Amino acid sequence: MGAGAGAEAARQVRDTFAELYGGAPQGVWAAPGRVNLIGEHTDYNDGFVMPFALPHVTTAALARRDDGVLRLHSADVPGGPVELRVEDLAPQSDTNWTAYPAGVVWALREAGHPVTGADVHLTSTVPSGAGLSSSAALEVVVALALNDLFGLGIEGRQLARLCQRAENVYVGAPTGIMDQTASACCTDGHALFLDTRDLAQRQIPFDLAREGLRLLVVDTRVQHAHSDGEYGKRRAGCEKGAALLGVDALRDVAYAGLDAALARLGDEAEVRRLVRHIVTENERVERVVSLLESAGPRAIGPVLTEGHASLRDDFRISCPELDLAVDTALSSGALGARMTGGGFGGSAIVLAEESDVPSLTEAIEAAFATAGHTAPRVFEAVPSAGARRIA
Ligand code: GLA
C-alpha cells in the first residue's frame with residue numbers, strides 16, 4: 001500500500017469512526033498480516049522462523065475511555081458496535097471475532113496495565129482464514145493503539161507476547177509467537193529471522209524485485225482454524241517428543257544428533273515424524289538465512305520445496321489443494337514452493353522468475369478448475385512494514 005493509499009484508508013476509517021461514535025478518534029494505527037518464508041510449527045518448539053509482513057493490514061481508529069466501557073466495531077461484520085465492560089472480560093467467554101481485541105484488553109489489564117476502556121473501529125485487507133495471520137494483525141493493531149493511547153511504553157516484542165497470551169488464554173487457540181512478532185516487528189524490504197526462544201531478531205534484506213524474482217501467495221480458499229484440535233495435537237506430540245528425549249524443547253535436538261534422537265524414540269512412529277520435521281525445519285531456516293546472505297534469493301527455492309515435503313509427509317498438515325498448488329507451481333517452472341502458516345488449508349507461497357508469473361498463475365488456476373476446487377486467489381507478496389501509527 002503506497003503512502004497515498006494509506007492516507008485515504010486512514011481518512012475513511014476516521015470518518016466511519018465519527019459516524020459510529022459521534023466524535024473523532026485520537027489516532028489511526030495499522031498492523032500487517034504475514035507470510036512465513038520458512039520455519040513452520042517451529043515457534044512453539046523454541047525454534048527459528050522467518051516471516052515477512054504483507055502489505056495487507058488491519059487498520060484501527062481508537063479513542064480512549066475512562067469509564068470501563070469497551071466498544072468494538074468491525075467494517076467486515078454487519079451491525080453496530082458491540083459493547084463490553086473491561087471488568088467483565090473473562091477467558092473463553094466469547095466465541096466471536098470480538099474475542100481477539102477484547103482478549104488484548106484483558107491481557108494488558110492482567111499484566112497490570114491500566115486500560116480503562118476504548119471506542120474501536122476496525123477494517124482489514126488481510127484475508128481471513130487464509131493462513132496469513134489476520135488474527136495477529138487484529139490483536140497487534142489494538143495492542144499498539146492502546147499502548148500509545150494509555151502511554152504504556154511496551155516495546156514490540158513484549159507487545160507480541162501479550163497478544164499471544166490473549167490468543168492462547170482468552171481466545172483459547174494454542175498458537176506460538178511467530179505471527180504476533182511478525183506483525184509487530186517486521187520491516188519493509190526484509191524478512192525477519194527470529195529465534196522464538198528469546199525473541200532475538202535479525203532483519204534479513206529480502207528484495208526479490210531487484211533480482212527479477214517474485215513471491216506469489218496462492219490462497220487456496222480452504223478455511224482453517226487453530227482453535228480446532230489438529231494444531232493442538234501436533235503441539236502436544238512435539239511436547240511429548242521433547243519429554244521423551246529429555247530436552248526442554250525440540251529446539252534443543254541438534255541436527256547432527258537427529259538420527260540418534262530418532263533411534264531413541266523407538267517405535268513412537270508419530271512422535272518420530274514430528275521430531276524429524278521440527279529438527280530438519282530449524283536447519284532449513286538456518287540454511288535459508290545463510291543462502292540469502294551468500295548466494296541470493298534464487299538459491300533458496302529447493303529449501304522451500306523440501307520444507308513442503310516435510311510438512312506434507314512428516315508433520316501431515318497439508319491438504320490436496322495446497323499440494324496441488326505446490327506441485328503445479330513446481331512443474332510449471334517455479335524455483336520453489338511450499339505451504340505457509342498453520343496448515344490444513346490456507347495459503348501456499350511460490351518463488352518464481354518475474355517472467356514466469358503469468359504462466360504459473362494460469363497453470364495453478366487451470367489445475368484448480370480441473371480438479372473441481374474453488375478458484376484460488378493468487379497475488380504477489382512484497383515484504384512490507386510492521387505495525388505503526390498512520391494518523
Ligand atoms: C500459526 C500459528 C503460529 C505458527 C504457525 C505454524 O500461524 O499462529 O504460531 O505455529 O501456525 O508455523
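Keep in mind the model is a prediction, meaning the values are calculated, not measured. Start at 1 and go down the list; that is how both ligands and their atoms are numbered. Along the sequence shown, residues are numbered consecutively beginning with 1.
- Polar contact with ligand 1: present for Asp179 (N/O pair, distance under 3.5 Å).
- By the criterion of a heavy-atom distance under 4.0 Å, neither the backbone nor the side chain of Arg235 is placed next to ligand 1.
- Distance CG/Leu138 to CG/Leu72: 9.0 Å, rounded to 0.5 Å.
- With Arg197 as the partner, the side-chain contact (heavy atoms from CB on, under 4.5 Å) test is satisfied by one option alone out of Asn45, Asp46, Asp43: Asp46.
- Inclusion of Thr42 in the set of residues having an N or O under 3.5 Å from an N or O of ligand 1 is not warranted.
- Taking the six-membered ring wherever Trp is involved, the centroid distance between the rings of His113 and Phe150 does not fall below 6.0 Å.
- Residues His73 and Phe17 place their aromatic rings such that the two centres sit no closer than 6.0 Å.
- Within ligand 1, the atoms closer than 4.0 Å to a non-hydrogen atom of Gly341 are 6 (C), 11 (O), numbered from 1 in the order shown.
- The aromatic rings of Tyr231 and His41 lie tilted to each other, with the angle between the two planes from 30° to 60°.
- Among the atoms of Glu40, some N or O lies under 3.5 angstrom from an N or O of ligand 1.
- When hydrophobic residues (I, L, V, M, F, W, Y) are linked wherever their side-chain heavy atoms come within less than 4.5 Å, the members clustered with Leu330 are Val326.
- Taking any N or O of Glu167, backbone or side chain, none lies under 3.5 Å from an N or O belonging to ligand 1.
- Checked by distance only, ligand 1 and Gly176 come closer than 3.5 Å through their nitrogen or oxygen atoms.
- Distances between N or O atoms of Asp43 and those of ligand 1 include at least one value under 3.5 Å.
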